[in-house]
Amino acid sequence: MPSTLTTQGAAPRTILCSGGREIVLAGRPLVMGVLNLTPDSFSDGGLWLEPEGAVERALAMVGSGAELLDLGAESTRPGGGIYGGGAAHVPVEEELRRLLPVLECLRGEVEVPISVDTRKGEVAGAALAAGADLINDISALDDPELARVAAETGCPVVLMHSRGELAEMQHGIHFDDLLAEVVGELGGAIERAVAAGISRGQIFVDPGIGFGKTPLQNLLLLRHLNALHELGCPVLVGASRKSFIGHLTGAPADDRLGGSLAAVGWAAAHGAAVVRVHDVTATRQFLDVWEAIDQAEEGRE
Ligand code: HH2
């Protein structure tokens, strides 16, 4: 296993957000702190429903070293299989009602880029107008309006791999060749994005850990994360507290820090550019110490 935390597969690069903020990718992965403004997210649902508490939580994450924030106002927990019931559908108005007060307040308080986790073009447009910097779309542009908004504003987008509807995706999972199919389908998503006018240099890709995959397939995607680098886009990994960790260890969602850090370490050593995590303090400490070990040299105190 390589010990360096450099972002493999791509030279250090800077991604410019629509509002002028920059995402600088070099060295260890950036830490993206997750804030779910939902009643039903799988690990922190219902904790941050009040805007004041949510803002406080986001500020605490930035204070602990989050370099990006990811605000989600619709749970995307897949239905079926080991994941239990899927997330409820959330109308645009409700998603915006949860999101905008927190986003607007945070925008005045923090300088780190704010990502919005949404599948809806209308929500993306309103979020960008309210000061969001990038869009994290787990459907990889199912909504053509989202592609249009991203192309028009020039904002970076995260395209995540998944197959089928959320409510169904843990049923009848089948891949003939997991890696080739995930890489191929992400490649197809990149080409659709570029055809819609999104610049190739503004795209992150994500293997979609936990979305329409078995526990073993999640492990294999992490193990072979390097394969995603052939796509030429920085790789974001979201393994934090996910069910494959529970499947391996029996731990409930709020007690999966050790497993989540193992996934962060693996992703870091295999060139991830961003890790999306719930536990920012521990993740920063983990990555900072690993980076210090990696860069330690005789005679340099
Ligand atoms: N995972 C979740 C949500 N959004 N976005 C990306 N790019 N990658 C991921 O792996 C990913 C994601 C699911 O986690 P969480 O937000 O904690 O739960 P929920 O969807 O139930 O709100």
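Values in this document were obtained by computation on a predicted structure and should not be read as measured data. Order of listing sets the numbers, starting from 1, for every ligand and every atom in it.
The protein heavy atom nearest to atom 9 (C) of ligand 1 is Lys242 NZ, 3.5 Å. Nearest protein heavy-atom contact of atom 18 (O) of ligand 1 is Phe42 CD2, 3.2 Å. Atom 17 (O) of ligand 1 has as its closest protein heavy atom His278 NE2, 2.7 Å. Of the protein's non-hydrogen atoms, Arg276 NH2, 2.8 Å is the one closest to atom 16 (O) of ligand 1. The protein heavy atom nearest to atom 4 (N) of ligand 1 is Asp117 OD2, 2.8 Å. With hydrogens left out, the protein atom closest to atom 8 (N) of ligand 1 is Asp206 OD2, 2.6 Å, a heavy atom. Here the heavy atom of the protein found nearest to atom 21 (O) of ligand 1 is Ser75 OG, 2.7 Å. Nearest to atom 5 (N) of ligand 1 among the protein's heavy atoms is Asn136 ND2, 3.0 Å.
Contact atoms of ligand 1 toward Val158: 7 (N) (distance under 4.0 Å to a heavy atom of the residue). Of all atoms in ligand 1, numbered sequentially from 1 with element shown, those under 4.0 Å from a heavy atom of Arg77 are 20 (O), 21 (O). Against a heavy-atom cut-off of under 4.0 Å, Leu236 is close to the following atoms of ligand 1: 7 (N). Per-residue contacts place Ile138 under 4.0 angstrom from the following atoms of ligand 1 (heavy atoms of the residue considered): 4 (N), 5 (N), 12 (C).
The residues Arg200 and Glu191 are annotated as salt-bridged, a charged nitrogen and a carboxylate oxygen being separated by less than 4.0 angstrom. A salt bridge links Arg107 with Asp133: the distance from a Lys NZ or Arg NE/NH1/NH2 to an Asp or Glu carboxylate oxygen falls below 4.0 Å. A salt bridge is absent between Arg98 and Glu74: the closest approach of a Lys/Arg side-chain nitrogen to an acidic carboxylate oxygen does not fall below 4.0 angstrom. Ion pairing between a basic and an acidic side chain is recognised when a charged N comes within 4.0 Å of a carboxylate O; Asp294 and Arg28 show no such pairing.
Nearest heavy atom pair, residue Leu37 against residue Ala54, reads CD2-CB, 3.5 Å. Between Trp48 and Asn36 the shortest heavy-atom distance is CD1-O, 3.6 Å. Across Val90 and Ala73, no two heavy atoms sit closer than the pair CG1-O, 4.2 Å.
The shortest distance between side-chain heavy atoms of Val275 and Pro29 falls below 4.5 Å. The side-chain heavy atoms of Val182 and Arg163, taken from C-beta on, include no pair separated by under 4.5 Å.
Paired with Lys120 under the rule salt bridge (Lys or Arg N to Asp or Glu O under 4.0 Å), one option of Glu93, Glu145, Glu94, Glu95 passes, and it is Glu95. The side-chain contact (heavy atoms from CB on, under 4.5 Å) test with Leu186 is passed by exactly one of Ile203, Val205, Val235, Asp206: Val205.
An N or O contact shorter than 3.5 Å links Asn36 to ligand 1 by distance. Remark: ligand 1 and Gly238 share an N or O pair separated by less than 3.5 Å (distance only, no angle test). Residue Asp40 has no N or O atom closer than 3.5 Å to an N or O atom of ligand 1. Distances between N or O atoms of Thr38 and those of ligand 1 include no value under 3.5 Å.
At a heavy-atom distance under 4.0 Å, no atom of Arg241 approaches ligand 1. The parts of Thr76 lying near ligand 1 are both backbone and side chain, judged by heavy-atom distances below 4.0 Å. Residue-level proximity to ligand 1 for Asp70 is absent, since no heavy atom of it falls below 4.0 angstrom. The side chain of Met160, and not its backbone, has at least one atom closer than 4.0 Å to an atom of ligand 1 (non-hydrogen atoms only; side chain from C-beta on).
The aromatic rings of Phe42 and His278 stand perpendicular to each other, their planes meeting at an angle above 60°, with 30° marking the opposite boundary. Note: Trp266 and His270 have parallel aromatic rings, judged against thresholds of 30 and 60 degrees for the angle between ring planes.
Ligand 1 has Phe211 within reach: a non-hydrogen atom of the residue lies less than 4.0 Å from it.
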